[in-house]
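Below: the structure, in structure tokens.
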Amino acid sequence: MANHILSIEHVSKSFEGLQVFNDVSFAIAEGELSSIIGPNGAGKTTLFNLITGYHIPDDGKIVFEGRNIAGMQPFDIVRLGMARAFQRTNIFPRMSVLENVLTTVITRQKGNLNFVTPTRNLKSAHDRAYEILEGVGLADMAQRLSGTLAHGNQKRLDIAVALALEPKLLLLDEPTAGMSPEERWQTVELVKQLWERLKITMLFIEHDMDIVFGISQTVRVLCYKTLLAEGTPKEISANQQVIEAYLGEEV
Ligand SMILES: Nc1ncnc2c1ncn2[C@@H]1O[C@H](COP(=O)(O)OP(=O)(O)OP(=O)(O)O)[C@@H](O)[C@H]1O
Ligand SMILES: [Mg+2]
């Protein structure tokens with residue numbers, strides 16, 4: 001049986017009377033590259049907010065490596081080994097590319113930066129930050145002001161910042177949103193490469209079905225406040241309920 005890194009168990013969530021999820025359950029196998037799809041407003045980002053502690057479920061459990069994390073603070077969840085890149089990027093535009101990653105590396109390595117941070121730690125943090133930037137193809141832009149990067153590179157930087165947290169589970173909310181077709185495929189290639197190289201579990205939200213079916217091992221469909229279906233790309237693209245509710249005649 002697969003080892004599950006994350007299980008969503010009977011989770012329900014409403015906002016001021018509007019129910020987004022009703023008794024949703026599924027589990028993610030360790031090491032898997034999988035996706036979440038569904039119409040706008042289906043609750044995909046809300047699901048990430050629940051998993052990462054930004055929202056608390058009304059009911060149910062969110063179990064990460066055997067521990068119920070529902071109700072824990074986002075920062076504590078990060079420390080357990082989970083990180084996230086956002087639908088709208090979460091970088092500091094007035095800091096350089098390197099500084100964005102470096103501050104996260106330092107925070108991850110030893111708590112807060114302070115006056116007594118030994119120089120050797122700063123050197124190793126600096127090397128680690130560069131290594132991460134190389135991994136996402138941004139090393140040659142390390143000194144650039146982050147806010148001046150093209151949109152696709154800002155999304156890459158957001159992924160780099162998430163990687164600086166050394167996650168076991170990485171959540172990517174629409175990593176290709178707003179990109180040109182060329183940037184999209186470069187980013188998809190990057191996501192796939194990172195997954196192969198780092199051997200971490202990755203879960204991404206995506207609207208482009210070519211991308212979803214091209215790289216996911218498992219696809220999960222959120223619709224009608226529930227998990228409508230889960231399966232391989234082949235199973236999902238042939239699922240009549242999914243075609244009727246979401247895919248239409250597209251595939
Ligand atoms: N903090 C909040 N307060 C009130 N309602 C919210 C909140 N967050 C999300 N919602 C509502 O929950 C529903 C799901 O929103 P969510 O952003 O999770 O959808 P999504 O599937 O990510 O959509 P998209 O594909 O457009 O990104 C929407 O009706 C949204 O308005
Ligand atoms: Mg969303």
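Predicted model, so just to flag it, every value in this text is computed and none were measured. Sequential numbering from 1 along the given sequence is applied to the chain's residues. In listed order, ligands and their atoms are each counted from 1.
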Does the side chain of L157 come within less than 4.5 Å of M141's, by heavy atoms?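 With C-beta onward as the side chain, the pair stays apart.
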
Within-4.5 Å side-chain heavy-atom neighbours: V188 and D210: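 No, side chains not in contact.
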
Taking only protein atoms, how many N, O or S atoms are found under 2.8 Å from the Mg ion (ligand 2)?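 My tally for this metal is 2.
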
Is it true that atom CD of E196 has more than 12 heavy atoms of other residues, nucleotides or ligands lying nearer than 6.0 Å?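 Atom CD in E196 is crowded, with more than 12 foreign heavy atoms closer than 6.0 Å.
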
Taking atom CD1 of I56 as the centre, does the number of heavy atoms from other residues, nucleotides or ligands within less than 6.0 Å exceed 12?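 Atom CD1 in I56 is not packed in, count stays at 12 or less.
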
Only pairs under 3.5 Å count here: list side-chain donor-acceptor contacts from residues 66-76, not counting sequence neighbours, and write none if there are none.
unit_1	atom_1	unit_2	atom_2	d
N68	OD1	I62	N	3.2
N68	OD1	A70	N	3.2

Using a 4.0 Å cutoff against the non-hydrogen atoms of [X], which atoms of ligand 1 qualify?
X    : value
Q87  : 27 (O)
E174 : 25 (O), 27 (O)
H207 : 25 (O)
L18  : 29 (O)

Under a heavy-atom criterion of less than 4.0 Å, does [X] contact ligand 1?
X    : result
E16  : no
A42  : yes
L222 : no

Looking at T89, L138, I91, L98, which hits side chain to side chain contact (heavy atoms under 4.5 Å, CB included) with S146?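 Exactly one option meets the side chain to side chain contact (heavy atoms under 4.5 Å, CB included) with S146, and it is I91.
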
Check I205, V219, L227 against I36 for a side chain to side chain contact (heavy atoms under 4.5 Å, CB included) and give me the one that passes.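 The side chain to side chain contact (heavy atoms under 4.5 Å, CB included) with I36 is passed solely by I205 among I205, V219, L227.
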
Heavy atom of the protein closest to [atom] (residue, atom name, distance):
atom                    : value
atom 13 (C) of ligand 1 : G41 O, 3.7 Å
atom 16 (P) of ligand 1 : T46 OG1, 3.6 Å
atom 25 (O) of ligand 1 : K44 NZ, 2.7 Å

In plain terms, say whether [X] and [Y] are close enough for a salt bridge, that is, a side-chain N and a carboxylate O under 4.0 Å apart.
X    : Y    : answer
E189 : K192 : no
R197 : E134 : no
E206 : R184 : yes

Location of contacts on V20 toward ligand 1, heavy atoms closer than 4.0 Å: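 Side chain only; the backbone of V20 stays clear of ligand 1.
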
Side chain or backbone of N49 under 4.0 Å from ligand 1, or both, or neither, by non-hydrogen atoms?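 N49 to ligand 1: no contact under 4.0 Å from either part.
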
Side chain to side chain contact (heavy atoms under 4.5 Å, CB included) between L194 and M202, worked out: CA-CA 10 Å; L194 289 171; M202 285 193 188; 3.7 Å; yes

